[in-house]
Colleague: 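If you scroll down you'll find the structure; I have some questions about it.
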Amino acid sequence: MAKDSKRTVLVTGGAGFIGSHTLVELINAGFEVVAVDNFSNSDDTCLKGVEQIVGRKIPFENIDCCDYEAMEKLFQSYEFDSVIHFAAFKAVGESVEMPLKYYRNNITSFLNVLELMQKYNRSNIVFSSSATVYGETDVLPVTEQTPRMPAISSYGNTKQICEDILRDTVASSKIRGIALRYFNPIGAHPSALIGELPRGVPNNLVPFITQTASGVRECLSVFGNDYPTPDGSCIRDYIDVVDLAKAHVSAISRMVEDKNKQNYEIFNVGTGKGTSVLELVSMFEKVNNLKLNYKIAPRRQGDVVAIYADTTLANIELGWKAERSLEDTLASAWKWEQYIRSKK
Ligand code: WQD
């Protein structure tokens with residue numbers, strides 16, 4: 001393999017929310033990239049945005065990672081030594097309605113990537129895991145040692161299963177892997193050229209907030225104000241998407257530079273700070289100088305009361321820390337929403 005391939009990264013799901021931000025940060029850090037996506041939950045808006053930000057074309061292939069033959073051609077055509085695997089379905093509610101769709105897609109694509117990495121001797125993989133693997137836990141903040149709970153959704157279960165697939169694959173091969181457990185990714189690139197593009201009615205809080213502010217949605221429902229928290233609403237750890245993207249660069253660099261302590265490692269990626277839904281809403285109003293139409297609604301099924309990360313391990317081992325303030329992140333989310341509306 002050519003020398004440059006050591007610093008070339010295949011990014012699956014590269015047209016998506018976290019994938020597109022990670023392409024930018026990889027390029028900023030001097031990596032070469034190859035992106036694949038089948039646009040099942042995205043379009044080319046963010047890819048074009050990435051190209052505008054970095055000022056060059058991104059090598060891209062429209063491929064479904066479940067298509068083994070197409071993926072094999074990709075492995076034969078490009079010399080990357082590392083992979084960041086984002087491509088997956090991620091709607092929690094839909095996964096409960098259509099579990100087979102989630103198991104087939106999220107697991108098949110991951111198996112294809114790992115099998116091809118073995119066959120074509122590729123070294124490193126970062127897998128997009130999720131704080132959802134911790135489920136409802138009494139231990140706060142959660143560390144990587146906090147036991148995983150049985151998943152409530154099929155989506156969450158695919159994350160647990162894929163973590164286990166990675167652990168076992170690493171144990172029996174030369175592949176090295178890092179699972180990053182994301183808390184709640186929000187925000188957008190400061191340029192507002194890339195951001196989150198949910199299809200239909202957003203499930204997640206921040207896109208619902210920004211769409212309510214822009215008038216696409218009439219009113220935000222705050223799901224529950226009778227939880228055992230200081231203001232009664234649920235608590236989450238909201239992590240800025242650019243900070244999250246940088247965690248991927250740190251994880252890939254750790255393996256490329258042979259600094260990993262074990263061949264399979266897990267890191268929480270959050271800020272370490274919990275914020276309630278009502279706090280987030282009022283912060284959004286304040287930083288963007290607007291009033292949000294919202295009402296208190298019944299609890300949403302399946303929501304955990306509170307979860308936030310202990311990020312000590314990522315701070316020490318990855319040399320990574322969330323840097324952007326929640327205020328700046330919420331301002332970027334609003335700037336992106338306005339940009340997207342102006343294009344439509
Ligand atoms: C956050 C808080 C809601 C919408 C999910 C996945 C997780 C991860 C991120 C994804 C909760 C409240 C929400 C609304 C509200 N993965 N809320 N009104 O549920 O913490 O995590 O997304 O790919 O795996 O489970 O995120 O943004 O949906 O909710 O009051 O209209 O906002 O009840 O307390 P969640 P979320």
Side-chain angles (χ1 to χ4, degrees), residues 13 16-19 41-42 85-96 102 105-106 127-137 140 142 148-149 151-160 162-163 179-187 196-213 216-241 244 268-271 274-284 292-309 326 329-330 333:
F17 175 41
I18 308 171
N41 191 29
S42 59
H85 184 58
F86 291 108
F89 292 153
K90 59 165 192 168
V92 177
E94 186 189 55
S95 80
V96 177
Y102 276 69
N105 185 68
N106 292 5
F127 171 65
S128 299
S129 191
S130 168
T132 194
V133 302
Y134 296 115
E136 182 92 54
T137 172
L140 286 174
V142 288
R148 295 185 326 190
M149 291 296 188
I152 303 164
S153 70
S154 301
Y155 161 76
N157 205 21
T158 67
K159 292 296 173 193
Q160 296 200 354
C162 286
E163 280 192 354
L180 296 180
R181 290 178 177 163
Y182 315 153
F183 282 68
N184 287 57
I186 62 165
E196 194 168 5
L197 264 185
R199 290 207 168 157
V201 182
N203 294 307
N204 296 119
L205 179 60
V206 170
F208 209 105
I209 289 177
T210 58
Q211 290 194 8
T212 306
V216 178
R217 310 280 152 212
E218 212 177 299
C219 181
L220 167 76
S221 293
V222 172
F223 297 138
N225 69 344
D226 56 353
Y227 284 100
T229 61
D231 65 19
S233 63
C234 291
I235 290 173
R236 298 287 182 274
D237 185 339
Y238 296 94
I239 172 77
D240 181 85
V241 66
L244 174 56
N268 284 341
V269 188
T271 64
T275 305
S276 76
V277 175
L278 290 169
E279 281 173 336
L280 195 88
V281 167
S282 74
M283 200 183 282
F284 182 85
L292 199 70
N293 190 22
Y294 72 89
K295 61 170 194 240
I296 305 299
R299 292 180 177 192
R300 183 174 71 177
Q301 219 197 332
D303 274 337
V304 302
V305 180
I307 186 157
Y308 49 95
L326 193 47
T329 302
L330 291 172

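Both counts, for ligands and for their atoms, begin at 1 and track the order of listing. Worth saying up front: this structure is predicted, and the values here are computed from it rather than measured. Quick note: numbers below take in every heavy atom, side chains included, and nothing from hydrogens, waters or symmetry partners.
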Colleague: What are the two closest heavy atoms between E163 and S129, and how far apart are they?
Modeller: OE2-OG, 2.7 Å
Colleague: For E94 and Y155, does a side-chain donor sit closer than 3.5 Å to a side-chain acceptor?
Modeller: no
Colleague: If the condition is salt bridge (charged side-chain N to carboxylate O under 4.0 Å, His left out), which residues does R217 pass it with, not counting sequence neighbours?
Modeller: none
Colleague: In order of chain and number, which residues sit within 4.0 Å of ligand 1 by heavy atom?
Modeller: K90, V92, S130, T132, Y155, N184, N203, N204, L205, F208, L220, S221, V222, F223, C234, R236, Y238, V277, R300, D303
Colleague: Strictly by modelled atom types, are T271 and Y238 linked by a side-chain donor-acceptor pair under 3.5 Å?
Modeller: no
Colleague: What residues, two or more places apart in sequence or in another chain, satisfy salt bridge (charged side-chain N to carboxylate O under 4.0 Å, His left out) together with E279?
Modeller: none
Colleague: With D240, which residues qualify under salt bridge (charged side-chain N to carboxylate O under 4.0 Å, His left out), at least two apart?
Modeller: R324
